[in-house]
Amino acid sequence: MIRRLTHTIALLLICSLTLVGCRGEYEILPVVSNELNIPHEDYKNLRGFYLLNEGNMGSNKATLDYCDLSTGVYHRNVYAEANPHMVKELGDVGNDIGIFGSKLYAVINVSNFIEVMDARTARHIGMIKIPNVRYIIFNEANGKAYASSYVAPVKFDQNARVGYVAEIDTTTLEVTRTCNVGYQPEEMVIWYDRKENRQKLYVANSGGYMFPNYDHTISVIDLNTFTQERKIDVDINLHRLRKGKLSEDSNGPQELIVTSRGDYYDHPSRLFFIDLKTDQVIDTLSKAVTNLYIDYETDKAYFYAVDWSYNTQQNTITYGTFDIRTHELTSTNFIKDHTEEDIRIPYGIAVNPINKDIYITDALDYVTPGDLRCYGKDGYLKWKTDTGDIPGHFAFLYHK
């Protein structure tokens with residue numbers, strides 16, 4: 001989102017003068033259902049998945065879709081139907097989504113809150129107010145959620161304050177503690193350190209508002225004291241953070257995987273591997289990675305890159321896979337039928353945990369409805385459907 005922010009921040013400021021932040025002035029879009037050509041399969045405990053559409057910044061058009069895998073029907077804008085009393089709908093820029101227990105959490109970035117819904121019905125339960133909130137992660141050990149926050153308002157500012165991570169009680173939906181980290185924090189990972197018998201939270205700091213003085217660190221938070229104990233120096237403008245290679249007994253990760261977006265000029269986007277025993281960078285994959293999804297059953301990471309260059313004023317779009325154990329690139333394109341040529345701006349990715357279908361979203365031009373494409377594990381297109389504006393974030397829903 002940082003690159004798009006460069007192009008849209010001025011427009012946002014202009015629009016805010018006329019929109020006055022009121023989502024109620026916008027037409028409430030009806031639910032549209034589309035029957036997909038999905039062959040009958042045994043998805044076991046998997047019911048389907050939610051797809052959060054960001055909506056362009058300043059448009060207040062974040063929406064929620066649901067794909068019912070048992071019926072083969074894709075439903076657009078289910079939040080409006082489930083919550084007719086919520087006239088303002090979801091708000092401005094849906095940036096992340098997740099399910100924990102019986103609740104569905106949608107992070108609404110520019111509107112400064114997390115919408116909490118019933119995971120089965122998408123009905124409103126509550127709202128958690130956090131300024132410029134970015135991503136959310138859940139901790140099964142203590143029942144807490146953690147959300148990263150830029151804190152600072154949406155603007156480029158060399159004097160912006162540091163961001164923080166908010167701890168959320170998932171029962172009361174209240175913020176219980178906050179911990180200052182680096183500038184403009186993004187994705188997070190929780191790791192249980194068996195040697196020290198304590199949990200740690202790692203958060204990637206971007207410094208996206210500080211251009212050209214990006215942050216270049218990962219903050220390490222002790223979850224017992226909820227204090228930042230140190231930082232790991234990695235590279236500028238960090239974004240995605242994932243658990244990497246798992247230990248042999250599968251009790252936890254041995255490594256972290258983190259992406260750097262570079263500076264969009266001469267400092268390239270790259271991927272880094274960090275040893276959690278030493279908190280040191282141990283390897284680098286010199287490949288742009290915008291987003292990735294890891295199938296831990298096969299140790300395979302699927303990724304795409306939309307690598308923007310201000311020097312050429314062009315995007316370089318690529319797809320591929322790499323092995324999270326060997327760190328080797330295993331494919332330069334997991335799409336085998338050449339239909340990637342029809343995708344204008346890949347924006348979201350997920351892998352069906354049961355049959356290994358690959359879901360790719362296309363943001364198109366960022367202002368009109370995008371689409372969702374489903375590829376089989378053989379890399380051939382199975383079906384596609386229209387979505388809301390800028391589809392980007394998945395959450396799988398199970399029967400239990």
Side-chain angles (χ1 to χ4, degrees), residues 1-6 134-135 137 148 150 152 156-158 160 162-165 180-191 200-221 228-245 253-294 301 303-312 315-318 320-329 349:
M1 176 179 165
I2 295 295
R3 182 179 65 77
R4 287 199 298 111
L5 178 62
T6 305
R134 296 290 293 174
Y135 292 96
I137 192 171
S148 58
Y150 279 12
F156 293 109
D157 183 3
Q158 293 296 320
V162 295
Y164 65 58
V165 172
N180 286 345
V181 288
Y183 291 99
Q184 292 83 61
E186 301 282 20
E187 291 192 341
M188 299 160 288
V189 162
I190 295 172
W191 178 53
K200 301 175 185 178
L201 184 144
Y202 292 75
V203 55
N205 300 308
S206 70
Y209 290 173
M210 312 296 288
F211 171 85
N213 301 312
Y214 293 104
D215 203 326
H216 47 84
T217 63
I218 292 175
S219 291
V220 184
I221 297 174
Q228 178 181 256
E229 60 180 34
R230 63 182 175 280
K231 291 182 177 180
I232 306 170
D233 197 353
V234 183
D235 197 14
I236 66 169
N237 200 2
L238 303 179
H239 186 198
R240 306 293 180 185
L241 193 61
R242 298 285 191 275
K243 295 177 181 179
K245 180 171 65 176
Q254 290 180 315
E255 296 176 356
L256 287 180
I257 300 172
V258 62
T259 67
S260 161
R261 288 173 287 205
D263 66 358
Y264 313 110
Y265 286 94
D266 302 312
H267 193 117
S269 173
R270 293 179 294 177
L271 193 79
F272 297 87
F273 300 88
I274 298 169
D275 187 334
L276 281 170
K277 295 179 181 178
T278 63
D279 284 345
Q280 298 292 318
V281 174
I282 57 173
D283 204 357
T284 303
L285 186 62
S286 296
K287 184 75 182 67
V289 174
T290 300
N291 201 354
L292 71 162
Y293 194 97
I294 300 175
F303 71 88
Y304 67 82
V306 183
D307 197 16
W308 171 258
S309 170
Y310 280 110
N311 295 325
T312 64
N315 281 318
T316 300
I317 298 177
T318 56
T321 61
F322 64 88
D323 189 305
I324 65 171
R325 288 190 172 274
T326 66
H327 308 165
E328 294 178 352
L329 196 66
I349 185 169

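- Not a single donor-acceptor pair under 3.5 Å links the side chain of E328 to the backbone N or O of D323.
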Take F322 and L285 through the test side chain to side chain contact (heavy atoms under 4.5 Å, CB included) and record every step on the way to the result.
CA-CA 9 Å; F322 64 88; L285 186 62; 4.1 Å; yes

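- V165 has its side chain within reach of M188: a pair of non-hydrogen atoms, C-beta onward, lies under 4.5 Å apart.
- The minimum heavy-atom distance linking N205 with G182 is given by the pair OD1-N, 3.2 Å.
- With N237 as the fixed residue, the side-chain hydrogen bond (donor to acceptor under 3.5 Å, both in side chains) test singles out one of H216, R261, Q184: R261.
- Between the side chain of Q158 and the backbone N or O of M210, at least one donor-acceptor pair lies under 3.5 Å.
- The closest side-chain heavy-atom distance from V306 to W308 is not below 4.5 Å.
- A salt bridge does not link R325 with E255: none of the charged nitrogens is closer than 4.0 Å to a carboxylate oxygen.
- Under a 3.5 Å cut-off, the side chain of T217 and the backbone N or O of K231 do not form any donor-acceptor pair.
- Of all the heavy atoms in S260 and P268, the pair that sits closest is OG-O, 4.4 Å.
- Side-chain contact check for L292 versus R240: some heavy-atom pair is nearer than 4.5 Å.
- Under the 30°/60° scheme for interplanar angles, the aromatic rings of F211 and Y265 are found to lie parallel.
- Summarising the geometry of G163 relative to P185, their closest heavy-atom pair is CA-CD, 3.7 Å, with the distance given to 0.1 Å.
- Minimum heavy-atom separation, D275 to K277: OD1-N, 2.8 Å.
- The pair R242-E187 meets the salt-bridge criterion, since a charged nitrogen lies less than 4.0 angstrom from a carboxylate oxygen.
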Kindly determine whether I257 and I294 satisfy side chain to side chain contact (heavy atoms under 4.5 Å, CB included), including the steps that lead there.
CA-CA 10 Å; I257 300 172; I294 300 175; 4.0 Å; yes

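- The distance from atom CG of L201 to atom CD1 of I137, rounded to the nearest 0.5 Å, is 6.0 Å.
- H239 and N291 share no side-chain donor-acceptor pair at under 3.5 Å.
- Counting heavy atoms from C-beta on, the side chains of I236 and D263 come closer than 4.5 Å.
- Between Y209 and Y150, the ring center distance clears the sub-6.0 Å criterion.
- For the pair Y202 and D279, the minimum side-chain heavy-atom distance is below 4.5 Å.
- The shortest side-chain heavy-atom distance between V258 and V234 falls under the 4.5 Å cut-off.
- Taking 4.5 Å as the limit, every side-chain heavy atom of L241 sits out of range of all side-chain heavy atoms of L238.
- The shortest non-hydrogen separation linking I324 to K245 is O-CB, 3.7 Å.
- From Q254, atom CD reaches atom CD1 of I274 across 14.5 Å, with rounding to the nearest 0.5 Å.
- Rounding to the nearest 0.5 angstrom, the gap separating the CG atom in L256 from the CD1 atom in I232 is 7.0 Å.
- Looking at heavy atoms from C-beta onward, K287 lies out of side-chain contact with R270 at the 4.5 angstrom threshold.
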Which is it for V181 and V162 under the side chain to side chain contact (heavy atoms under 4.5 Å, CB included) test, yes or no, and what are the steps along the way?
CA-CA 6 Å; V181 288; V162 295; over 6 Å; no

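- A donor-acceptor distance shorter than 3.5 angstrom exists from the side chain of S148 to the backbone of E186, with no hydrogens or angles considered.
- At distances below 3.5 Å, at least one donor-acceptor pair connects side-chain atoms of S309 with backbone N or O atoms of N311.
- Here Y304 contributes atom OH and I349 contributes atom CD1; the two are 7.0 Å apart, rounded to the nearest 0.5 Å.
- Annotation for K200: atom NZ counts as buried by contact number, over 12 foreign heavy atoms lying within 6.0 Å.
- Here the straight-line distance linking atom CZ of F272 with atom OG of S286 works out to 8.0 Å at 0.5 Å rounding.
- The backbone N or O of G207 lies less than 3.5 Å from no partner atom in the side chain of D215, so there is not a single donor-acceptor pair.
- Between the OG1 atom in T316 and the CG atom in D307 there is a gap of 5.5 Å [rounded to 0.5 Å].
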